[in-house]
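Input: a single structure, listed below in structure tokens.
Order of the sequence lines fixes the chain letters, A, B, ..., with proteins taken first and strands second; residue numbering starts at 1 for each chain. Keep in mind it's a predicted model, so treat the numbers as computed, not measured.
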Amino acid sequence: MEKAEKALNFIEHIVEEDLANNYKKEELRFRFPPEPNGYLHLGHASSICLNFGLGESYNAPVNLRFDDTNPAKEEKAFVDAIKRDVEWLGYKWDKECYASDYFQELYDWAIMLIKRGKAYVDSQSSDEMAQQKGTPTEPGIAGPYRNRSVEENLELFEKMKNGEFDEGMHVLRAKIDMASPNMLMRDPILYRVLHKAHHRTNTDWCIYPMYDWTHGQSDYLEQVSHSLCTLEFLPHRALYNWCLDQLVSNDKLRPKQREFARRNLSHTIVSKRKLLRLVEEGVVSSWDDPRMPTISGLRRRGYTPESIRNFADTVGIAKRENLVDVSLLEFHVREHLNRIAPRVMAVLNPLKLVITNYPEGKEEWVETENNPGDENAGTREVPFSRELYIEQEDFKEEANRKFFRLKLGGEVRLKSGYIIKAESCTKDAEGNITEVQCTYDPKSKSGSGTEESLRKVKGTLHWVSIKHAIEAEVRLYDRLFNDENPDGHKDKDFMEFVNPNSLTTITGYLEPNLKDVKAGERFQFQRLGYFNVDTDSTSENLVFNRTVGLRDTWAKIQQKN
RNA sequence: UGGCCCAUGGUGUAAUUGGCAACACUCCGGUUUUUGGUACCGUCAUUCAAGGUUCGAGUCCUUGUGGGCCAACCA
């Protein structure tokens with residue numbers, strides 16, 4: 001229903017056009033084709049959301065296909081991690097496919113190619129072949145094996161398959177055009193010998209097909225209608241089509257490859273090799289460190305699948321270079337968490353506050369909303385007593401009228417509690433404030449309905465009763481990189497931009513309702529931000545991650561002065 | 001130096017395919033608020049440049065400028 005309202009992106013325009021011309025709606029099929037050689041990250045999320053989103057809007061199946069043609073890099077563990085991440089994002093694939101399931105068909109087609117004189121075994125070194133390949137501005141030249149006989153090619157390819165050759169001795173190449181302006185058409189390699197066990201086919205094969213000889217065929221076998229990939233594969237399209245030309249039959253659907261620009265996120269890096277460096281050099285603790293742009297990192301950080309999908313959706317898709325600001329991602333987590341996260345009170349930088357006219361030993365439980373924006377969220381009770389913690393930031397001995405918080409002689413409301421007035425404070429030898437003494441107005445209790453309780457005071461502070469507070473380890477995260485585009489400097493290594501303060505670990509004091517929280521649960525620490533329970537958390541040692549802070553206009557006001 | 005792709009506010013995308021440049025975020029300003037949160041309101045682009053076609057151009061054409069991609073037995 002909301003689809004009719006929404007403008008279409010250029011991929012959807014292509015689909016619409018195909019639907020208007022030669023495709024039937026039932027023929028639409030998409031696929032997400034990761035190589036199981038690492039963890040999924042935000043970049044993959046774009047592709048996932050694009051393909052599965054298309055599947056949803058056209059009610060078309062989407063395959064999850066593992067592009068597992070290089071056993072040197074791929075592992076079962078990554079397959080499992082990828083499946084878990086796609087599921088977590090909230091998508092269901094139609095078929096779970098593997099390029100390795102097509103090894104036999106691919107091999108048979110290669111034989112066919114050889115028989116038609118369109119493929120040959122080359123027995124040169126990769127250096128020699130690279131030499132002959134030319135450059136983008138100069139055409140390539142034919143190698144000495146280009147015109148081997150069909151029989152010889154057949155025999156050699158058979159021996160390659162049977163494991164009679166070492167790696168690197170022979171490859172199978174398509175015979176296309178060594179002078180093509182498209183480098184990829186200069187007799188691309190189709191098969192190489194790899195004496196490695198594959199995580200699914202084990203040692204059944206010792207020749208493995210290359211990407212270009214696999215992808216289009218896989219799409220064709222699965223009858224994928226639209227094969228979407230990133231822009232750097234654009235030159236591969238000609239080869240994709242060439243491969244299909246060799247084998248498509250007219251009664252079956254012919255897949256088409258279309259390309260979109262990968263999404264780049266500011267202050268972030270996504271290259272597998274570089275993320276690995278962050279892990280190996282100990283900048284982060286692991287692949288699922290909450291600072292990592294991996295799906296598992298974002299999950300651990302407290303991001304919701306909805307927020308990532310909404311982000312992908314509003315960013316959209318196009319063909320130009322881009323650098324999306326992280327603030328948009330942050331906006332979407334806040335937007336979602338604001339709706340679903342229960343509010344709680346927690347003090348992260350405690351300052352002791354003593355209410356001198358509050359009876360010693362007295363305690364009462366005050367009622368407070370779980371989410372002011374959601375009537376159905378209900379209320380809970382929080383213990384209040386004579387000695388509380390407030391944030392150090394929330395008290396100043398003196399301040400101008402812009403400062404809505406507590407100052408000597410000034411009044412403030414303790415959220416869901418009483419209105420208090422700061423009377424005095426004590427300091428240590430260095431002049432740091434160690435305690436604030438205040439008085440409260442017993443008639444001003446929140447919700448009591450008294451005239452005093454209805455008084456307007458400018459500031460409201462969150463607080464926690466010292467006696468009842470529970471301690472927790474709180475991990476405060478900041479951007480991993482200080483530069484907007486850490487990967488975008490030709491003369492500088494991205495490691496130079498690592499933010500040394502991307503993680504600060506402190507002890508926080510929480511309202512006691514939080515004592516039984518479980519990993520993954522999300523909360524808003526009122527006035528501070530959104531936090532979730534980390535997987536490291538135990539009942540003895542609670543651990544919270546700050547997913548994202550609240551919008552902080554006060555911080556901006558201060559910055560200006 | 002060859003081929004291909006791209007160019008719309010600070011950012012990312014739209015524009016019924018030639019008909020009043022729209023949406024979201026950010027920034028800035030304001031209203032509401034027992035979260036300096038949320039919600040709400042307002043300000044911010046004559047579409048890279050120059051020419052052309054047309055009653056009319058972000059959209060079509062030409063040239064230029066700027067950016068990107070292409071020479072792994074990776075995907």
In terms of ring plane angle, is the pair [X] and [Y] parallel, tilted or perpendicular, where the classes change at 30° and 60°?
| X | Y | result |
| --- | --- | --- |
| A/F103 | A/Y208 | perpendicular |
| A/H332 | A/F311 | perpendicular |
| A/Y389 | A/Y509 | tilted |
| A/F531 | A/F525 | parallel |

May A/F331 be described as stacking on the base of B/A24, applying a 5.5 Å centroid limit and a 30° limit on plane angle?
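Here A/F331 fails the 5.5 Å or the 30° condition.
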
With the sugar-phosphate defined as primed atoms, P, OP1 and OP2, and the base as all remaining atoms, what B/S/- string results for nucleotides 70-75 of chain B, 5' to 3', for protein heavy atoms under 4.0 Å?
SB-BSB

Is the phosphate of [N] approached by [X] (side-chain N or O, under 4.0 Å from OP1 or OP2)?
| X | N | result |
| --- | --- | --- |
| A/K319 | B/C5 | no |
| A/T553 | B/G37 | yes |
| A/R343 | B/G37 | no |
| A/R551 | B/U38 | yes |
| A/K415 | B/G37 | no |
| A/K456 | B/U34 | yes |

Which nucleotides of RNA chain B pair, in dot-bracket form (Watson-Crick or G-U under 3.5 Å, | meaning another strand):
.((((((..((((.....[..))))..((((.......)))).....(((((..]....))))))))))).....

[N] versus [M] - spacing of their [atom1] atoms, nearest Å:
| N | M | atom1 | value |
| --- | --- | --- | --- |
| B/A57 | B/G18 | C1' | 7 Å |
| B/U32 | B/G37 | C1' | 13 Å |
| B/C69 | B/A45 | C1' | 29 Å |
| B/G42 | B/G52 | P | 40 Å |
| B/G67 | B/C27 | P | 30 Å |

I want to check a possible cation-pi pair here: A/R343 against A/F523, using under 6.0 Å from ring centre and within 45° of the ring axis as the test.
no

Please tell me which of the listed nucleotides, B/G12, B/U26, B/U35, lies nearest to the side chain of A/Q524?
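Among the listed nucleotides, the one closest to the side chain of A/Q524 is B/U35.
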
Qualifying residue, where the test is salt bridge (Lys or Arg N to Asp or Glu O under 4.0 Å) with A/D394 and the options are A/K407, A/K415, A/R413, A/R527
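That would be A/R527; it is the only one of A/K407, A/K415, A/R413, A/R527 passing the salt bridge (Lys or Arg N to Asp or Glu O under 4.0 Å) with A/D394.
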
When rounded to whole Å, the CG to P distance for the pair A/L231 and B/A7 reads 11 Å

Just the rounded figure in Å: distance from P of B/U35 to OH of A/Y530.
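It is 13 Å, rounded to the nearest whole Å.
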
Going by an N to O cut-off under 4.0 Å, is there a salt bridge joining A/K256 and A/D219?
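Answer for the salt bridge query: no.
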
